[in-house]
Asker: 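Mind having a look at this structure? Questions to follow.
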Amino acid sequence: MKAIEMDHLTKYYGKHQAVSDLTFSVDEGEVYGFIGPNGAGKSTTIRTLLNFIFPTSGSAKIFGKDIVTQSTVIKQEVGYLPSEVHFYENMKVKELLHYSAGFYHNKSYKKRMNELTERLDLDVHKKFEDLSFGNRKKVGIVQALLHEPRLLIMDEPTGGLDPLMQHTFFDLLMEEKKKGVTIFFSSHILSEVQKMCDRVAIIKEGKLIANDTIENLTKNQFKKVTILLSEGQTLNLNVDGIIQQEQLGLMLTILFRGDIHELINALSKEDYRDVVIEEPSLDEIFMHFYETENGGVEVGL
Amino acid sequence: MVFKQELKWNFKSLLIWSVILGGLVFLMMQIYPDFAKQQGNLEALLEAYPEGIKKAFNMDQLSLGTVLGFYAIEGYMLITLIGSIYVVLLSGNMLAKEEGEKTIEFLLSKPISRTSLVTQKMLVIVVNVILFNLFVSLINLTGFMIVDDGTFEFYPFVLMSIAPILLHLTFASIAFLLSSIFRKGRQILSITVGLVFITYFLQVISSVSDKLENLKYMSPFVYVDAADIITNESIKGLYLVIMFAVMIICTISTYWYYRKKDIAV
């Protein structure tokens, strides 16, 4: 069964199209990254999945259940970590965690609560008004994991956590993944996506522009070619599959997606001092998707 | 879960409002014996009041010389008017505060339906309104017993304890509906508190001026008028119908609106 399945999911705010025609799915047990800059529609998608807002058209399913009509049942199995965590200011951390746990069928959460708060180094006797942003985030993490959900949905999960805590947090997530938990999270920090995710979806202005495994995105599809030219030389290659070509001083950088032999053939006719062909980082691919005008690339990924 | 938690959060303010309002009425009743003793002089004095003022405070229909008459003129207004303020403050915030403080994101991510959320919050209001009136009425009753000179009647007292509950629930249902629509507690506050005061003055105006008498239908305060209750020993059927109609329409609208609302904080 798919953990998440979106079918032409679309959301308008008035006339403004926040999310448009999203169709992709997340397999059970997968770690799935959802990337795009601020305002691309990541949070809107997540909020629609959780039925905070209603889809304008299209639909989506979580564990085969409709996100609108069966939202309450779905949430028994979902843990949600918002990007900005807001809790009741005059409540103590401990009270909130018990309050949160009370909504779920799973009542054997106390041991887990102690474990999680200990690992995240969280003082449960403090009131929310006395907590820092990072500590609030930790409470958010605990309440999302406490009832042992099958699916974790997280919006910018690492914001506000110091590097040490991020490390602990990733450890926690990896343990969840080992248990078979599906993790779906949005981010604009690509290094963390690259480190964690099996697959990613890239979203731009509400539209899905790429959806593939990290491996495919970085290895098979794209090459980053760096050519060192001689003094005073300019080079302008004309080969199918060159997505981006930029010369800075003696350095010509090419982002290439196509038949690498053609490129090599073309290069062999040219004069140059050195060449490096490597896999681009997710960052570079991402930047490429975003810098290209008109959504650029007709890459039928 | 939500019901229990909200009861806990609201209990302190329930106690404070009950004790202060009940206490005020209680203290006020303690001067009743002095009034009753000099009733002859008093009535002569009241004769001198302009007709309008007497009508506005029901002094043309009620006597300051009975326990309930004295209460109806001096204390009942506190329970109805100030009580209504307490109730709209409570209900107007009930749903909106979750959006205002962005805690709704937490609640909605839990396995609880919006219908259940609205129901639980509404029950909190109903329970608080009933408890508030119960506490106040019990304090009042104690006060009446202390100063009773044989004029106290139980049945009108019961009616005068139930009538404010209906009034309060009417205002509560309006405030609760607004609370489901608006995100900012402050907007709701100004609308609902304004509504309470305006309808209160409509009652005063409609009782003073014969020309404007029809305004009385616009004011829930008229529906639960103490003079009517004491004289007729009942609340008029039409008024009951209006109050229940407002409650039902507002409640249905609240569910209808909130279940479909886009809640993005």
Side-chain angles (χ1 to χ4, degrees), chain A residues 11-14 18 43-56 68-91 95-106 128-129 136 139-140 143-144 146-147 149 151-155, chain B residues 1-16 89-90 93-124 179-186 254-265:
Chain A
K11 177 67 190 175
Y12 281 83
Y13 284 121
S43 295
T44 304
T45 310
I46 287 178
R47 285 173 178 151
T48 313
L49 287 176
L50 292 163
N51 196 221
F52 298 171
I53 53 182
F54 290 76
T56 312
V68 176
T69 55
Q70 290 172 290
S71 182
T72 315
V73 192
I74 289 173
K75 281 167 193 163
Q76 281 289 352
E77 306 192 290
V78 172
Y80 170 58
L81 174 63
S83 57
E84 276 173 58
V85 191
H86 295 279
F87 293 121
Y88 304 93
E89 289 296 307
N90 53 10
M91 232 177 172
E95 290 171 325
L96 180 103
L97 291 177
H98 284 297
Y99 185 39
S100 170
F103 286 98
Y104 299 96
H105 297 321
N106 183 354
F128 277 99
E129 54 193 8
R136 284 166 193 246
V139 182
Q143 62 85 36
L146 199 53
H147 55 288
L151 169 65
L152 267 174
I153 296 181
M154 303 182 289
D155 197 357
Chain B
M1 279 313 286
V2 176
F3 175 74
K4 224 171 84 186
Q5 191 63 47
E6 284 289 345
L7 271 192
K8 205 172 134 194
W9 279 332
N10 285 300
F11 194 67
K12 207 195 256 171
S13 95
L14 169 70
L15 277 189
I16 292 173
L89 292 184
L90 171 77
N93 247 324
M94 194 47 85
L95 284 166
K97 71 179 172 200
E98 302 279 1
E99 278 187 74
E101 284 161 33
K102 302 188 177 181
T103 45
I104 191 68
E105 211 174 27
F106 165 79
L107 269 188
L108 287 183
S109 73
K110 303 293 140 193
I112 175 176
S113 69
R114 294 198 190 181
T115 312
S116 161
L117 181 63
V118 171
T119 308
Q120 295 193 42
K121 294 243 177 194
M122 198 166 60
L123 279 178
V124 172
S179 183
S180 73
I181 298 170
F182 291 100
R183 290 159 121 231
K184 295 220 170 72
R186 218 175 299 141
T254 306
Y255 277 109
W256 176 80
Y257 186 81
Y258 204 72
R259 280 167 49 110
K260 301 201 302 186
K261 188 182 191 183
D262 272 352
I263 302 176
V265 291

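Since we're looking at a predicted model, the values are computed, not measured. First the proteins, then the strands, lettered A, B, ... as listed; each starts at 1.
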Asker: Check the side chains of A:Q76 and A:H105 for a donor-acceptor pair under 3.5 angstrom, ignoring hydrogens and angles.
Answerer: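 Result is yes, a qualifying pair exists.
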
Asker: Looking at A:L96, A:T72, A:I153, which one has more heavy-atom pairs under 4.5 Å with chain B than the rest?
Answerer: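 The answer is A:T72.
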
Asker: With a 4.5 angstrom heavy-atom cut-off, which part of B:K261 approaches chain A: side chain, backbone, both or neither?
Answerer: backbone

Asker: Most heavy-atom pairs under 4.5 angstrom with chain A, which of B:E98, B:K4, B:M1?
Answerer: B:M1

Asker: By a 4.5 Å heavy-atom criterion (distance strictly below it), what part of B:I104 contacts chain A: side chain, backbone, both, or neither?
Answerer: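 Neither part.
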
Asker: Is B:K260 in contact with chain A via its backbone, its side chain, both, or neither, using a 4.5 Å heavy-atom distance?
Answerer: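 Just its backbone gets close to chain A.
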
Asker: Using the side-chain contact (heavy atoms from CB on, under 4.5 Å) criterion, which residues pair with B:S109? Sequence neighbours excluded.
Answerer: A:F52, A:Y80

Asker: Looking just at side-chain N and O atoms, do B:S180 and B:Y255 make a donor-acceptor pair shorter than 3.5 Å?
Answerer: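 Result is no, nothing qualifies.
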
Asker: Looking at A:K11, A:E84, A:E95, A:E89, which makes the most heavy-atom pairs under 4.5 Å with chain B?
Answerer: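 It is A:K11.
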
Asker: Side chain, backbone, both or neither: which part of A:S100 has an atom under 4.5 Å from a heavy atom of chain B?
Answerer: both

Asker: Does OH in A:Y12 sit with more than 12 non-hydrogen atoms of other residues, nucleotides or ligands closer than 6.0 Å?
Answerer: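 At most 12 heavy atoms, drawn from other residues, nucleotides or ligands, come within 6.0 Å of this atom.
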
Asker: Between the side chains of A:K75 and A:Y104, does any donor sit under 3.5 Å from an acceptor?
Answerer: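 No, no side-chain donor-acceptor pair sits under 3.5 Å.
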
Asker: Mind checking ring pair (Phe, Tyr, Trp, His ring centres under 6.0 Å) for B:W9 and listing every partner two or more places apart, or none if nothing turns up?
Answerer: A:Y88

